[in-house]
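Here is the structure we will look at, set down as structure tokens.
One is the number of the first residue; the rest follow in order along the sequence.
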Amino acid sequence: MENPREIHKDYTSTGEFSRLLHTALNNQNSGFTKTPDEQKGLLVNGWLKDYVSGKGITDEKEIDALKQTAATIFSEEKVVLGLGPYVPTEKECQILYEPYTARKSNVGDAIRNIETWREKSFRKALTVRPADRDDLNKHLHNLELQHIREFVGQETGYVKDKAMRVIEGIAVQPLYLLGTNVRERVLAEYIPESPKYDHTPESQTASMVGAVIFYLLLCTLIVKVVKRRLGRHRQFTTTNEIL
């Protein structure tokens, strides 16, 4: 069976590379199944580089399309195989990402600095591990939130932190309607919690209290709406009986 390392001159499109990659991923002799999970992406990257080199492809747009093809197929294969996401080690982060330095500035400038860092880091990481695009994007998203929370909550003390977590518990329920990424970003940017208290029992309790308050408020609202509707219905019934 063909392997992406065995390139012939008639393979010229992303569709052809896609077929080669699918073949290799399902070929017991390609080495994919025996490769450690955290290195499987590097193996796919090697196949991609061999393909590009073997075909003499220099057009940047075509190379980007091939990288996207490799990332999409690899992500789908990981789901099929039940493989977890690739999470870079601290040492790997130093290689993959741009150095991050927190700047003393207002919140708006600090967040723009963090966003710029993430964009540059993502582009740099893709030059090393393009097949791990989705996992790298998620990992950088989490790091971005972490940096935002650290900056926004750097002056948050113990008492204020617990108050913010109660507010978070109240706000997080309706924010679910906005989607995971938007919800996480809003909470990180606008609710100044201190990350150093994240795993304390008091913090978890405060968040739970906030959630309970939200549902109590929701239940109160529902009861009021139901009572109002029942009142209108009784009034309408009484009026009909009089007529």
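- Rounded to the nearest 0.5 angstrom, Asn142 CG and Arg118 CZ are separated by 9.0 Å.
- Val182 places none of its side-chain heavy atoms less than 4.5 Å from the side chain of Leu175.
- A distance of 9.5 Å separates CG in Leu126 from CG in Asn45, rounded to the nearest 0.5 Å.
- Here the CD1-OG1 distance, from Ile111 to Thr116, works out to 12.0 Å after rounding to the nearest 0.5 Å.
- With no hydrogens or angles considered, no side-chain donor-acceptor pair links Gln94 and Glu90 at under 3.5 Å.
- Within a 6.0 Å sphere centred on NZ of Lys124, other residues, nucleotides and ligands contribute more than 12 heavy atoms.
- Minimum interatomic distance between Ser30 and Leu43 (heavy atoms only, all atoms of both residues): O-CD2, 4.4 Å.
- The two residues Ala188 and Ile148 make their nearest non-hydrogen contact at O-CG2, 3.7 Å.
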Exercise for the section: Please assess Asp109 against Arg112 for the test salt bridge (Lys or Arg N to Asp or Glu O under 4.0 Å), listing each intermediate value before the final yes or no. Expected result: CA-CA 5 Å; Asp109 289 341; Arg112 281 189 289 273; 2.4 Å; yes
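- Taken to the nearest 0.5 Å, the CG atom of Leu42 stands 9.5 Å off from the OG1 atom of Thr35.
- Under a 3.5 Å cut-off, the side chain of Gln204 and the backbone N or O of Pro201 do not form any donor-acceptor pair.
- Aromatic ring centres of His139 and Phe122 lie farther apart than the 6.0 Å criterion allows.
- Note on ring orientation: taking the six-membered ring where Trp is involved, the planes of Trp47 and Phe32 are tilted (angle from 30° to 60°).
- Put simply, CD1 on Ile213 and CD1 on Ile167 are 9.5 Å apart, with the number rounded to the nearest 0.5 Å.
- Using cut-offs of 30° and 60° for the angle between ring planes, the Tyr51 and Phe17 rings count as tilted.
- At a threshold of 4.0 Å, the pair Glu98-Lys120 does not count as salt-bridged, since none of the basic side-chain nitrogens sits closer than that to a carboxylate oxygen.
- With respect to Met164, the side-chain contact (heavy atoms from CB on, under 4.5 Å) criterion is satisfied by exactly one of Ser203, Pro192, Ser207, Ser194: Pro192.
- Formation of a donor-acceptor pair under 3.5 Å by the Thr72 side chain with backbone atoms of Gln68 is found in this model.
- Taking the charged nitrogens against the carboxylate oxygens, Lys78 and Asp135 do have a contact shorter than 4.0 Å, which makes a salt bridge.
- Looking only at distances, no side-chain donor or acceptor of Glu77 sits under 3.5 Å from a matching main-chain atom of Phe74.
- Between Tyr97 and Ser121, the shortest heavy-atom distance links the atoms CB-OG, 3.6 Å.
- Minimum interatomic distance between Gly41 and Asp132 (heavy atoms only, all atoms of both residues): CA-OD2, 3.6 Å.
- In this structure, a donor-acceptor pair under 3.5 Å is absent between the side chains of Tyr100 and Glu144.
- Between the Asn26 side chain and the His22 main chain, a donor and an acceptor come within less than 3.5 Å of each other.
- Within the 4.5 Å cutoff, the side chain of Lys40 has no heavy atoms near those of the Tyr86 side chain.
- Ser53 places no side-chain N or O within 3.5 Å of a backbone atom of Lys49 that could act as its donor or acceptor partner.
- Atom-to-atom distance recorded for Glu193:CD and Arg165:CZ is 4.0 Å, nearest 0.5 angstrom.
- Nearest heavy-atom pair across Arg185 and Leu145 is CA-CD2, 3.8 Å.
- The closest side-chain heavy-atom distance from Val80 to Glu76 is not below 4.5 Å.
- If you chain together hydrophobic residues whose side chains sit under 4.5 Å apart, Leu25 and Leu81 fall into the same group.
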